[in-house]
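Contents: one structure, followed by commentary.
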Amino acid sequence: AFFEAERIHAEALVVADYSFAYSHWRASRSLDQWLREEGVPGIYGVDTRALTKALRERGVMLGKLAVEGCPTPEAFRDPGEENLAAQVSTRELKTFGSGPGSKRRVVLVDCGSKGNIVRCLTQRGAEVTLAPWDYDFTALAYDGVMVSNGPGNPQQCRPTIAHLRKALALGKPIFGICLGHQLLALAAGAATYKLKYGHRGHNQPVIEAGTQRAFITSQNHGYAVDAATLPDGWEPYFTNLNDGTSEGIRHRSLPFRSVQFHPEACGGPTDTEFLFDEFISAIDSRAM
């Protein structure tokens, strides 16, 4: 009920400081105990800010964790060449929020979805079908599609992009979050690229196109959409106020939208959770 994923997806944890005394009222064990149970190594006492600058100063440099005295570690791996979404996606269809109060059927394409996306949809009266990243969801009966967040290079998710192209032709509401934003852009015909540092943290300001409305958002991504490559009929939706990068796109006449940030953020700013209301409204409007 309180977790955002079924398991730890990180292969290792590097932090500057570690507290050996935990006090959260929901805690049942320490972070160290949890990592050990999951077989995930961790290291603390590292200047993570300096490490990030070293790895990112010339774009993206590969790194690995090595322990002195241990056998030679594995060769460098390039996550950008792997389909990370496939590694974290559900393997089967799952349904949430079904019942008499469920009026809208929403397919949530799981590229690494957080649990709070499901909560935000079911709280608004949606029956949510969680589908694997490569599942052809267009064969399902649905009223709207949401494409989730997830890790890695969006161009590795070629089946998802192909299915989204089919969904665009059907005209039903589509909403993408984070990786889902990049996948929708690729399906529409735009391009993506790797950011030098990426956007990480809970205090990223964005502004809505055509208005003076600014929002504080939660973000965690290393790729971005090139807004200059948007095809006819598409336009910017949100823009990052720090560096001017794309934070969202939308179709001018059809119910297709996506955002780079996390409107389901929890914890973090909930300033943009209203986007779920707009998505549900788009479904209801089409049903009228």
Side-chain angles (χ1 to χ4, degrees), residues 4-15 35 38-43 46 48 51-67 70-91 109-114 131-137 147-166 176-201 219-230 243 245-247 249 258 260-262:
E4 292 307 304
E6 295 178 351
R7 59 186 172 88
I8 302 175
H9 292 298
E11 294 187 36
L13 179 67
V14 182
V15 295
L35 291 171
E38 297 288 330
V40 179
I43 185 172
V46 177
T48 51
L51 177 61
T52 300
K53 290 177 68 175
L55 291 172
R56 300 286 187 169
E57 188 58 33
R58 292 175 179 81
V60 182
M61 295 175 62
L62 299 177
K64 59 185 175 183
L65 218 58
V67 180
C70 289
T72 304
E74 294 182 6
F76 282 105
R77 288 172 49 202
D78 186 354
E81 298 299 322
E82 300 179 19
N83 189 337
L84 301 183
Q87 297 178 24
V88 301
S89 175
T90 183
R91 300 293 191 269
V109 181
D110 180 17
C111 298
S113 177
K114 292 200 294 179
W133 71 280
D134 58 348
Y135 190 88
D136 187 0
F137 59 86
V147 192
S148 83
N149 60 290
N153 184 348
Q155 296 183 34
Q156 296 289 336
C157 300
R158 285 179 285 274
T160 316
I161 297 168
H163 298 150
L164 281 171
R165 287 199 182 107
K166 291 171 62 177
I177 294 175
C178 197
L179 178 63
H181 159 66
Q182 299 158 16
L183 294 174
L184 180 62
L186 289 169
T192 59
Y193 64 97
K194 189 78 170 72
L195 291 165
K196 184 176 181 180
Y197 287 100
H199 296 156
R200 322 286 177 182
Q219 301 191 18
N220 183 21
H221 60 273
Y223 291 83
V225 171
D226 184 353
T229 65
L230 288 174
D243 60 10
T245 54
S246 171
E247 292 288 351
I249 60 173
S258 62
Q260 183 64 76
F261 51 86
H262 290 269

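Lys166 is linked by a salt bridge (Lys or Arg N to Asp or Glu O under 4.0 Å) to Asp136, counting only residues two or more places apart in sequence or in another chain. Looking at residues two or more places apart in sequence or on another chain, you find no salt bridge (Lys or Arg N to Asp or Glu O under 4.0 Å) involving Glu38. Applying the side chain to side chain donor-acceptor pair (under 3.5 Å) criterion to Arg7, with sequence neighbours excluded, gives His9. Taking Ala188 as the reference, Pro231, Trp234 meet the side chain to side chain contact (heavy atoms under 4.5 Å, CB included) condition, with sequence neighbours excluded. Scanning for side chain to side chain donor-acceptor pair (under 3.5 Å) contacts around Asn220 gives Arg200, with sequence neighbours left out.
In this structure, Ile177 and Ser148 have side chains that are not in contact, with every pair of non-hydrogen atoms separated by 4.5 Å or more. Looking at heavy atoms from C-beta onward, Thr245 lies in side-chain contact with His199 at the 4.5 angstrom threshold. A 4.5 Å side-chain heavy-atom check between Val88 and Leu84 finds every atom pair outside the cut-off. Using a 4.5 Å heavy-atom threshold, the side chains of Phe137 and Val147 count as separate.
Contact between Pro79 and Leu62 at its shortest, heavy atoms only, is CD-CD2, 3.9 Å. The two residues Tyr223 and Gly80 have their closest heavy-atom pair at OH-CA, 3.9 Å. When all heavy atoms of Leu186 and Pro154 are compared, the closest pair comes out as CD1-CB, 3.9 Å. Of all non-hydrogen atoms in Trp133 and Asn83, the two that sit nearest each other are CH2-ND2, 3.2 Å. Shortest non-hydrogen contact noted between Gly152 and Leu179 is O-CD1, 4.1 Å. Considering every non-hydrogen atom in both Cys111 and Thr160, the closest pair reads SG-CG2, 4.5 Å.
The CG atom of Asp243 sits 7.0 Å away from atom CG of Leu195, with the distance rounded to the nearest 0.5 Å. One finds the CZ atom of Phe261 at 10.5 Å from the NE2 atom of His221 (value rounded to the nearest 0.5 Å). Between the OH atom in Tyr193 and the CD atom in Gln155 there is a gap of 13.0 Å [rounded to 0.5 Å]. How far OG1 of Thr192 is from CG of Leu183: 8.5 Å, rounded to the nearest 0.5 Å.
Although no hydrogens or angles enter the test, the distance criterion places no donor-acceptor pair under 3.5 Å between the side chain of His262 and the main chain of Cys178. Judged by distance alone, with hydrogens and angles left aside, the side-chain atoms of Asn149 form a donor-acceptor pair with the main-chain N or O of Gly112 at under 3.5 Å. Listed for the Ser89 side chain is a donor-acceptor partner under 3.5 Å among the backbone atoms of Asp110.
More than 12 heavy atoms of other residues, nucleotides or ligands lie within 6.0 Å of NZ in Lys194, so this atom counts as buried by the packing criterion.
When each of His181, Gln260, Gln219 is tested with Glu247 by the rule side chain to side chain donor-acceptor pair (under 3.5 Å), just one qualifies, namely Gln219.
Sequence neighbours left out, the pairs with a member in residues 78-88 that pass salt bridge (charged side-chain N to carboxylate O under 4.0 Å, His left out) are Arg77-Glu82.
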